[in-house]
Amino acid sequence: MDIYLLEAVINGLLLGGVLALLALGLNLIFGVIDVVWIAYADLVMCGMYAVYWLHVAGWPLWAASLAAIAGVAVLGVLVHVLIIAPVLRAPPINQLLATGGLLFFLQSFTTLLFGTDFRNIGVRLPIIEMGDIFISFARLLAFGFALVGAVALYVFLKRTYLGVAIRAISQDREIMGLMGVDQRRIYLVTSLIGGALAGLGGCLLVLQYDVHPFLGNTFGPLIFMICVLGGLGNMIGGFVASFIISQIISIGGYYYSTEWAYVLAFTLFIVLMFIRPRGILAR
Amino acid sequence: MLSLAAVSAGYGSFRALFDVSLDVEAGEAVGVIGPNGAGKTTMMRVISGLVPMDAGAMTFDGRSLDGLSAHRIVERGIAHVPENRRLFPRLTVEDNLRIGAFIPQARAKIAERMAWVYDLFPRLKERREQLAGTLSGGEQQMCAIGRALMSGPKLLLMDEPSAGLAPLVVQQVFDLVRRIRAEGLTVLIVEQNVQQVLEVVDRAYLLEVGRIHLAGSSAELKNNDLIRRSYMGL
Amino acid sequence: MNPPRAINPLHVAGIAALACLIALPFVTPAYFLHIVIQILLWGFIYTAWSIMGRFGFVSLGHGAFMGVGAYVPALLWNYEGVTPWLGIPAGVALSVLLAVVIGYPCFRFRVIGHYFALVTLALSEVVLRTITAARDITGGSLGMTQKLAGHSWYALQFPDKRYFYGIALVVWLGGLLVWRWVDRGIEREALEAISEDEEAAASLGIDVMREKLRVTVVSAALTSVGGSLFGQYLAYLNPETVSGIAVSLQIVFAAIAGGMYALLGPTVGAFLTIALNEGLRVWFGTNFIGAANTIYGILLILFIIFMPRGIMGVIENLRMPRRAPAPAPAE
């Protein structure tokens, strides 16, 4: 096998981990609250800025990251309370558009605060050499933390009362009250976790990419696509879809160019939507 | 224990209950019978807080239930086995039971209660890793009752527990009701199967078009001509 | 002779407004004209979107049609010297093709609501990424400039803004006529029936598929024309300003903010967003880029929460309080 192709496959795998983490967060929110946060990628961008500025201000990376995760988690709760809760009974498309307004707001507000410069956190992590293959440590780290995040979420959903309630709520929303579950509280917790995952995603991405206010536009549509491909609300499907899409982008990028790989990925998505409208893993 | 005084309720502009008054004493089993669409399910949903009350008053253990949301009512000690069971089909039997113990006071006693429920329904123990959606009708009803018991209720509301089950299974369900009574729980049960339900309850009310038309002990109702003609086909 | 008709004050106002619009270029400075041209062109595009949006097909793919409309004539002109008079129809043809290729399976497989929005969003991303990827001919994300030909009807280029103003005005009026034609035609009743209950509509003998495709095609074609004229007017194209998620969302929002159920709603949306943008830019100066859009974003959220039928919807409700509300943009 071509050594560069192998490198592309490995990089695709590593990218897939971070995408999977973000798809998990978006899927969780969709499955539980039944809304699509179209500004999800912009919350990730906020997380990236938070890490960047705290690090510039002299905080160690781990502290900046923890603060960013907490900050974006709180932002997630605010999004729910201020934007989603008032339109919870409105037609679904209005909910999607309300978070679209948030997308404009976050992009322009960060422009206002930080300008449109591309900012690099400037943390230099080593390159790992395995035979003739070079792997960036930042990507490996991101992949590792993304997996840890996904496993933590899995354990939470399997083992805790709140987790069981979160899995139950999409199956029968109305009777949750009879179980002694306060729906509003579940929604808040879900938004908090969704926000925290976006924050974690931001911490991992800021090590690999420059941050700028419109970053969300480049990979936001990718995350929605992954969620829809996996079946909105289906977390395992989203996980699988992340790795398919990241491989298409990585291998396509190796043979042609990243942009053409994106074209291919989006086209494939449209075609798959017509063949398997409920997601690739739907029965 | 539970008391409804002149309760009216409905959905939007449609009114389903008019001036319903009803009492359940501790340790009793009380039935509410009546035809389809009489408002029986609405009444149960009003008690458990799923449907708001338009007028009247409800008290439980001497404290008002007015305006409490459903999850608070569970915390007061009322559990509701809803019509059609409404299990979470893609959760395992054990997870269904676990979510029944969601309220804080129930979490503390989960191990003990889980053992109790498995003791009452050994079939559930055999199937505890199975998805609830794959259970038979009778097993689903056991699971729904078990889930309600997990919150440690003082009063159990049962909405049409025999609906949609085979005759043999219906018999088992009413046996379950007897066993639950034997455990010392108070039961309020809504049924269309009048003959059977009058065998397990102490008293019953007849609800027709949203109003209470008749009340009395099971023995009285069993001998009431109207009930015998209209609801027991005798 | 016809009997004298009662004078409708709305008609008088309309004619007066039109007269003002015709007189406008002769009395206003170029900067102001530039803003009005943008309002008319965007108003036209938003109107085109609302032709399908009002029936519940919330497309996030209109950035695709706009991008195709903008780039096809420009590429044909730059590389082959083909006049935009042929290039614009070529762009329309490609947009209509895309609309059918995406629309038909969507309607066939009942892809609705979130899913419709996200599939159309993917289409808009495909066009954006294609333009960016084909950087050898499109200039990629750096954008491209049309070859200049001075004042030329053949090249559809006019250094004098007043010509473009005239074109924009005519096209905008044309868009309103099409909107009205759909509004008045039987199609509307058929489509409203479809958006409320598709099966019932089909059982009434309505060809559901044909009606849906028809509005989709009309909407895509007009959007494509809008994109073309926008490109011709600016004589500079950038993939981010004519396609992709941001443009798609911008179109949806302005149409909703203005009110997509009323004839002038989308135009009001265009006026509002552009006036706001320009006003805030003047107010804050260029030191605060982003300030305008920050406020815009907040307003959009408030609009969706409190006025989902838009400004014109609110005005109509005030005028006709007893009229039953039209369906909200459902599923």
Side-chain angles (χ1 to χ4, degrees), chain A residues 30 34-36 38-39 82-83 86-87 90-116 213-214 216-218 220-222 224-225 227-228 232 256-267 269-271 273-275 277-278, chain C residues 56 58 60 101-102 105-106 108-111 113-119 121-135 140-141 240 244-246 249-250 252-253 256 284 288-306 308 327-331:
Chain A
F30 180 80
D34 204 13
V35 296
V36 174
I38 207 150
L82 297 179
I83 297 172
V87 290
I93 203 71
N94 287 28
Q95 301 163 347
L96 189 141
L97 291 175
T99 63
L102 177 70
L103 177 148
F104 272 111
F105 170 75
L106 290 176
Q107 293 186 358
S108 351
F109 193 58
T110 43
T111 306
L112 183 64
L113 292 179
F114 313 129
T116 51
F214 303 101
N217 286 350
T218 55
L222 210 59
F224 303 125
M225 191 173 66
C227 286
V228 176
L232 275 174
Y256 305 101
S257 75
T258 314
E259 290 295 342
W260 282 120
Y262 273 96
V263 173
L264 184 68
F266 281 109
T267 310
F269 162 72
I270 294 173
V271 172
M273 271 310 286
F274 298 139
I275 302 172
R278 286 157 163 273
Chain C
V58 176
L60 294 182
V101 165
I102 297 298
C106 271
R108 174 87 179 64
F109 299 118
R110 295 276 169 85
V111 176
H114 295 322
Y115 291 87
F116 185 75
L118 293 175
V119 168
L121 174 67
L123 173 67
S124 148
E125 285 298 309
V126 167
V127 169
L128 171 72
R129 304 279 183 176
T130 305
I131 295 170
T132 320
R135 59 174 57 84
S141 48
E240 301 284 343
I245 182 173
L249 277 175
Q250 179 195 341
V252 181
F253 279 126
I256 286 179
F284 286 109
F288 294 98
I289 40 166
N293 275 332
T294 304
I295 293 173
Y296 183 54
I298 294 174
L299 286 178
L300 286 177
I301 297 170
L302 294 177
F303 258 106
I304 300 286
I305 295 175
F306 296 107
E331 308 206 44

Asks: Relative to chain A, which segment of C/V252 carries a heavy atom at a distance below 4.5 Å: side chain, backbone, both, or neither?
Replies: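 The answer is the side chain of C/V252.
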
Asks: Do you know which of A/T267, A/T99, A/V263 has the most heavy-atom pairs with chain C at a distance under 4.5 angstrom?
Replies: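 Most heavy-atom pairs under 4.5 Å with chain C: A/V263.
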
Asks: Can you tell me which of A/Y256, A/F30, A/F214 forms the most heavy-atom pairs within a distance under 4.5 Å of chain C?
Replies: A/F30

Asks: Considering all heavy atoms of both residues, which atom of A/F274 and which atom of C/V119 are nearest to each other, and what is their separation?
Replies: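 So the minimum-distance heavy-atom pair works out to CZ-CG1, 4.3 Å.
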
Asks: Testing the basics here: between A/N217 and C/A246, what is the closest heavy-atom pair and its distance to 0.1 Å?
Replies: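 Distance-wise, the nearest heavy atoms are ND2-CB, 4.0 Å.
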
Asks: Would you check if the distance from the ring center of A/F104 to the ring center of C/F253 is below 6.0 Å?
Replies: yes

Asks: What part of A/L113 gets within 4.5 angstrom of chain C, counting heavy atoms only: side chain, backbone, both, or neither?
Replies: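 For A/L113, no heavy atom lies under 4.5 Å from chain C.
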
Asks: For the atom pair CD (A/Q107) and OG1 (C/T294), what is the distance rounded to the nearest 0.5 Å?
Replies: 10.5 Å

Asks: Give, as side chain, backbone, both or neither, the part of A/A90 having an atom under 4.5 angstrom from any heavy atom of chain C.
Replies: neither

Asks: Can you tell if the side chain of A/M225 reaches within under 4.5 Å of the side chain of C/E125, non-hydrogen atoms only?
Replies: no

Asks: Where does C/L121 contact chain A at under 4.5 Å (heavy atoms): side chain, backbone, both or neither?
Replies: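 The answer is the side chain of C/L121.
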
Asks: State, to 0.1 Å, how close A/T218 and C/R129 come at their nearest heavy-atom pair, and which atoms those are.
Replies: O-NH2, 2.7 Å

Asks: Search all heavy atoms of A/L96 against all heavy atoms of C/A117 and return the closest pair with its distance.
Replies: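 Minimum heavy-atom separation between A/L96 and C/A117: CD1-CB, 4.5 Å.
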
Asks: Just give me the residue among C/G140, C/P105, C/S124 that pairs up with chain A most often, heavy atom to heavy atom, under 4.5 Å.
Replies: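 With the most close heavy-atom pairs to chain A, the winner is C/P105.
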
Asks: Let me know if C/I245 has heavy atoms under 4.5 Å from chain A in its side chain, its backbone, both or neither.
Replies: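 The side chain, not the backbone.
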
Asks: Go through A/F269, A/W260, A/F105 and name the one with the most non-hydrogen pairs under 4.5 angstrom from chain C.
Replies: A/W260

Asks: Write down the atom of C/L60, the atom of A/I38, and the distance for their closest heavy-atom approach.
Replies: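 Minimum heavy-atom contact is CD1-CD1, 4.0 Å.
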
Asks: By a 4.5 Å heavy-atom criterion (distance strictly below it), what part of C/R108 contacts chain A: side chain, backbone, both, or neither?
Replies: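 Contact with chain A involves no heavy atom of C/R108 at all.
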
Asks: Non-hydrogen atoms of chain A under 4.5 Å away: do they reach the side chain of C/L128, the backbone, both or neither?
Replies: neither

Asks: Give me the atom names and distance for the closest heavy-atom approach of C/L118 to A/F224.
Replies: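 Distance-wise, the nearest heavy atoms are CD2-CB, 3.9 Å.
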
Asks: Please state whether the side chain, the backbone, both or neither of C/E240 comes within less than 4.5 Å of a heavy atom of chain A.
Replies: neither

Asks: Heavy-atom cut-off 4.5 Å, strictly under: side chain, backbone, both or neither for C/I102 against chain A?
Replies: both

Asks: Could you check if a side-chain atom of C/L300 sits within less than 4.5 angstrom of a side-chain atom of A/L97, using non-hydrogen atoms only?
Replies: no

